Amino acid sequence: MSLLELSEQEIIRRESLNELKKLGINPYPPEEYPVSHYSQDIKQEFEKNPDAFQEVSLAGRIMSRRIMGSASFAEIKDKQGRIQIYLRRDDLCPGDDKTLYNVVFKKLLDIGDIIGIKGFVFKTKMGEISVHVTSLKVLAKSLRPLPVVKEKDGKVYDAFSDPEQRYRQRYVDLIVNDRVKDTFMKRTRIINSMREFFNDKGYLEVETPILQPIPGGAAARPFITHHNTLDIPLYLRIANELYLKRLIVGGFEGVYEFGKDFRNEGMDRSHNPEFTVMEIYVAYKDYEWMMNFTEEMIEKVALDLHGTTKIEVGDQIIDFKRPFKRISMLDAIKEHTGIDISGMDETQLRKVCDRLNIEHDPSMGKGKLIDEIFGEKCEASYIQPTFITDYPVEMSPLCKKHRDNPELTERFELMVNGKEIANAYSELNDPIDQLERFKEQLRLSEKGDDEAMFIDMDFVRALEYGMPPTSGMGIGIDRLTMLMTNQNTIQEVIFFPQMRPEKKQERDGEEKFTELGIPAEWVPVLYKAGYLKTADLKEANPNKVHQELCGLNKKYKLGLKNPQPDEVKAWISK
RNA sequence: CGGUCCGUAGCUCAGCUGGUAGAGCAGCUGACUCUUAAUCAGCGGGUCCAGGGUUCGAGUCCCUGCGGACCGACCA
């Protein structure tokens, strides 16, 4: 990389790197650095037992420095957080050679560098528990300046806040914005809490294919890819459902999977193209049982994470204490619109939509129309956890028909804060009915619904061998995490959310320039001057180019031999 | 897809009716042995997103494009 593409601060850091090497210090040493203590443990335990902290060894990143001549304070950040360290020249360098303090620490180290320190813990006059450093080792030099975020009395200054940069360079976000790490640690605790809940009940965690010849189990547009050896298209899964149910057919009593699903649809604050779901299937249960199971699980997650069932989400307090409210979809619609749609046909439903000012088009079947009414008029009002039950049969092709009403299915969704969090069925295990429902989906697809499900004949075949009555439930982990950590975008709970690719400015390669007789060492200088393509040069004034090149050579002390004006003219006219 | 707003130093952001680019932090030089948004003195740092246009003159006005944020629409 040419110096010309670096900022001043990056150049200075690279020079410091070289100075370290000249002093015989390896800026990237290979050997282990043994750590005995971590920052927060020290802060919490020191006062109870100061004698236990007379010899500590820590490693972390330098986050700030306050240098006062022959003594300095700095903060380092380790896996637990920040702790102040105190360095005094004559303690760090007891002999005559003061290089380690005067040169290495004061000049060659920077905010962002990773160091290891040994010393003893003490409390400063100002009352801050700190480590008095007696030895220091460079563990990794940082070549890029870090955004410096300062804080006083809970107020944050110069926050690194641009969402685009934070998501693209999540590593920087994690370094400088302390609460980000916390959110992701909570995410993992949520998953662990659920896993613990399932394992305690003896259910088996399994893995099923992500690459699928038929993307089934949900209504969504899939990503498509291609397998070379088989020369067939493969799809990235949109749901785990059909494979997990095959395992129930195979004789497992309870199986669950945490995994990624992929949907080739929009991206916004609540949708990422790949997202994490948990699906669980338990034999010999129905959706009533699953409702109890789900609320027990959610309550446990809340308690494990916060020690309470009451959680602040936006300006609401949501209480995950069991039992959750339950209401059927038709009752919900009746409650919010005053209209009883039970038993209505497609034409009547369209009229209801018209009356309620809900848009609809001819490709929508009965199920979609009802879903639309619910989504438009009811969904947003369910802030506290609520099970919406008994969905119309048309919108649930994998779900068993309701025991009391063949127009409905034994399905529930859990709504929290106006959004769907979980979805569950008494699973359809009648293979003849299942095939019929798939065919209905095919008809929807021919009508123009590009999300209608494909027919999976192998799944039907599996059901034909007999699947026990089973209840299944799926839950969006990203959205659950958003709720539990009070984040309002999905990008805040996914480490690396999908982003539009970074665009690089187009430029001609070095060889294009050397073909014109331009020496290679001048090419970066031309880039710096703004001539990214040889075509840009053609239109330039040779005298101006000559002056720019000589100017940059001088300014950046490149030590190149300046070309003659005629040479530059020759390059350009070629 | 539609509307609104934004793009200026490594980071956060000023820059009025068009007239030689600013601040704080970070950086560099120096002072300083318990500081904590450390302090004090000095210094450097810019393709003002890109391309066109208007103008004697554009960071500023107009058009186009790119990127982003927010709000809607669509979509799980």
Side-chain angles (χ1 to χ4, degrees), chain A residues 6-13 15-16 63-75 82-92 101 106-107 110-112 122-128 130 132 142-169 172 176-177 218-221 238-239 261 263-273 275 277 359 361 368 371-372 375 379 395 413 419-421 423 449-451 474 476 478-479 488-491 499-506 527-532 548 555:
Chain A
L6 300 174
S7 71
E8 184 194 23
Q9 293 194 43
E10 289 173 293
I11 293 168
I12 288 167
R13 281 169 182 244
E15 283 168 359
S16 297
M63 299 305 289
S64 70
R65 291 195 303 167
R66 295 181 283 277
I67 295 174
M68 302 160 301
S70 60
S72 298
F73 287 95
E75 274 179 304
R82 299 180 187 219
I83 190 164
Q84 181 171 267
I85 63 173
Y86 178 61
L87 301 95
R88 200 157 58 178
R89 186 188 59 205
D90 298 332
D91 295 335
L92 196 58
Y101 181 78
K106 276 170 72 175
K107 306 269 187 210
D110 291 290
I111 289 173
F122 74 113
K123 198 168 176 181
T124 65
K125 279 181 193 163
M126 303 298 287
E128 179 147 352
S130 310
H132 191 127
S142 161
L143 296 180
R144 285 178 186 263
L146 220 45
V148 177
V149 181
K150 297 202 174 184
E151 200 186 324
K152 184 176 187 177
D153 302 331
K155 206 173 157 189
V156 177
Y157 298 82
D158 300 324
F160 178 63
S161 55
D162 177 24
E164 187 185 2
Q165 288 197 71
R166 288 185 47 229
Y167 304 150
R168 282 194 198 284
Q169 296 184 260
V172 176
V176 303
N177 292 329
R221 291 205 296 272
I238 56 175
D261 284 352
R263 298 190 183 175
N264 205 343
E265 291 165 353
M267 287 163 53
D268 58 37
R269 53 160 57 228
S270 57
H271 297 84
N272 196 59
F275 56 100
V277 293
E359 284 181 40
D361 63 69
K368 267 219 147 155
D371 190 32
E372 206 62 26
E379 194 169 274
M395 51 189 292
E413 289 195 353
K419 295 184 194 83
E420 176 211 328
I421 289 297
N423 182 20
D449 183 345
D450 58 0
E451 293 189 337
D478 309 290
R479 290 184 184 180
N488 60 10
T489 73
I490 201 168
Q491 286 77 19
M499 305 284 286
R500 205 178 292 275
E502 274 184 276
K503 238 184 152 168
K504 262 194 170 170
Q505 231 181 346
E506 278 185 47
Y527 288 151
K528 179 74 178 177
Y531 303 103
L532 298 179
E548 284 173 332
K555 181 175 177 187

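Heavy-atom basis, side chains included; hydrogens, waters and symmetry copies ignored. Sequence lines set the chain letters: A, B, ... in the order given, protein chains first and strands last, and positions in each chain run from 1. All figures in this text were calculated on a predicted structure; none of them were measured in a lab.
Only the C1' atoms considered, B:rG3 is 28 Å distant from B:rU17, to the nearest whole Å. On the P atoms, B:rG72 is 37 Å away from B:rG59, given to the nearest whole Å. Rounded to the nearest Å, the gap between the C1' atom of B:rC13 and that of B:rC48 is 13 Å. Separating the P atom of B:rC74 from that of B:rU54 is a span of 44 Å, rounded to the nearest Å. Across B:rC25 and B:rA9, the matching C1' atoms stand 12 Å from one another, rounded to whole Å. Of the C1' atoms belonging to B:rA14 and B:rC71, the separation is 27 Å, rounded to the nearest Å. Taking atom C1' on both B:rC62 and B:rG18, the two are 13 Å apart, rounded to the nearest angstrom. For the P atoms, the distance linking B:rU60 with B:rC1 amounts to 28 Å, nearest Å.
Residue A:Phe73 places its side chain closer to B:rC34 than to any other of B:rG68, B:rC28, B:rC34. Distances from the side chain of A:Ile12 to the nucleotides B:rU33, B:rG27, B:rU35 place B:rG27 closest. Side-chain proximity of A:Asp90 to the nucleotides B:rU33, B:rC74, B:rA26 is greatest for B:rU33.
In this structure, A:Asn264 places its CG atom 16 Å from P of B:rC75, rounding to the nearest Å. In this structure, A:Phe160 places its CZ atom 15 Å from C1' of B:rC13, rounding to the nearest Å. In this structure, the CE atom of A:Met267 is 16 Å from the C1' atom of B:rC1, given to the nearest Å. Between A:Lys106 atom NZ and B:rU29 atom C1' there is a gap of 12 Å when expressed in whole angstrom units. Going from atom CZ of A:Phe122 over to atom P of B:rU33 covers 16 Å, rounded to whole Å. In this entry the distance linking CG of A:Leu6 with P of B:rG46 reads 14 Å, nearest Å. Distance CZ (A:Arg269) to P (B:rG68): 16 Å, rounded to an integer number of Å. Going from atom NE2 of A:His132 over to atom C1' of B:rC34 covers 10 Å, rounded to whole Å.
Note: A:Lys106 NZ to A:Tyr101 OH = 5.0 Å, rounded to the nearest 0.5 Å. To the nearest 0.5 angstrom, A:Glu265 atom CD is 12.5 Å from A:Asn272 atom CG. To the nearest 0.5 Å, the span separating CG on A:Asn264 from CZ on A:Arg221 amounts to 7.0 Å. Separation of atoms CD (A:Glu10) and CG (A:Leu143) is listed at 8.0 Å; rounding is to 0.5 Å. Between atom CD1 of residue A:Ile85 and atom OG of residue A:Ser130 there is a gap of 9.5 Å, rounded to the nearest 0.5 Å. To the nearest 0.5 Å, atoms CE (A:Met499) and OH (A:Tyr167) are separated by 8.0 Å.
Nearer to the 5' terminus of RNA chain B, by closest-nucleotide assignment, is the contact made by A:Ala71 (compared with the other of A:Ala71 and A:His271).
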Enumerate all atom pairs, one protein N or O and one N or O from nucleotides 2-10 of chain B, separated by less than 3.5 Å.
none

Listing time: all N or O pairs from protein to nucleotides 36-38 of chain B that are below 3.5 Å?
unit_1, atom_1, unit_2, atom_2, d
B:rU36, O4', A:Arg66, NE, 3.3
B:rU36, O2, A:Gln84, OE1, 3.3
B:rU36, O2, A:Glu128, OE1, 3.0
B:rU36, N3, A:Glu128, OE1, 2.7
B:rA37, OP1, A:Lys152, NZ, 2.9
B:rA37, O3', A:Lys150, NZ, 3.4
B:rA38, OP1, A:Lys150, NZ, 2.3
B:rA38, OP2, A:Arg66, NH1, 2.9
B:rA38, N6, A:Ile67, O, 2.6

- Item | Worked check of side chain to side chain contact (heavy atoms under 4.5 Å, CB included) between A:Arg89 and A:Leu92 | CA-CA 5 Å; A:Arg89 186 188 59 205; A:Leu92 196 58; over 6 Å; no
- Task: May I have the step-by-step check of side chain to side chain contact (heavy atoms under 4.5 Å, CB included) for A:Ile490 and A:His271, ending in yes or no?
- Result: CA-CA 7 Å; A:Ile490 201 168; A:His271 297 84; 6.0 Å; no
- For A:Glu75 and A:Ile83, run side chain to side chain contact (heavy atoms under 4.5 Å, CB included): C-alpha distance rounded to whole Å, both residues' side-chain angles, the deciding distance at 0.1 Å, then the answer. CA-CA 6 Å; A:Glu75 274 179 304; A:Ile83 190 164; over 6 Å; no
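Counting any heavy atom pair closer than 4.0 Å across all strands shown, A:Gln491 reaches no nucleic acid atom. Residue contacts for A:Arg263: at a heavy-atom cut-off of 4.0 Å it reaches the sugar-phosphate backbone alone, with no base atom in range. If you check every strand for non-hydrogen atoms under 4.0 Å, A:Lys107 touches sugar and phosphate atoms only.
Side-chain contact, A:Arg144 with A:Gln169: no donor N or O sits under 3.5 Å from an acceptor N or O.
Between A:Tyr86 and A:His132, the ring-plane angle classifies as perpendicular under the 30° and 60° cut-offs.
No salt bridge links A:Lys368 with A:Glu372; every basic N to acidic carboxylate O contact stays at or beyond 4.0 Å.
Under the Watson-Crick or G-U wobble criterion, with both distances below 3.5 Å, B:rG30 is paired with B:rC40. Using N1 to N3 plus N6-O4 or O6-N4 for Watson-Crick, or N1-O2 and O6-N3 for G-U wobble, each under 3.5 Å, B:rG67 pairs with B:rC6. Figure legend. B:rA23 is base-paired to B:rU12; pairs are counted as Watson-Crick or G-U wobble with both atom distances under 3.5 Å. Partner assigned to B:rC1 is B:rG72, using Watson-Crick or G-U wobble distances below 3.5 angstrom. Pairing partner, B:rC61: B:rG53, with both Watson-Crick or wobble hydrogen-bond distances short of 3.5 Å.
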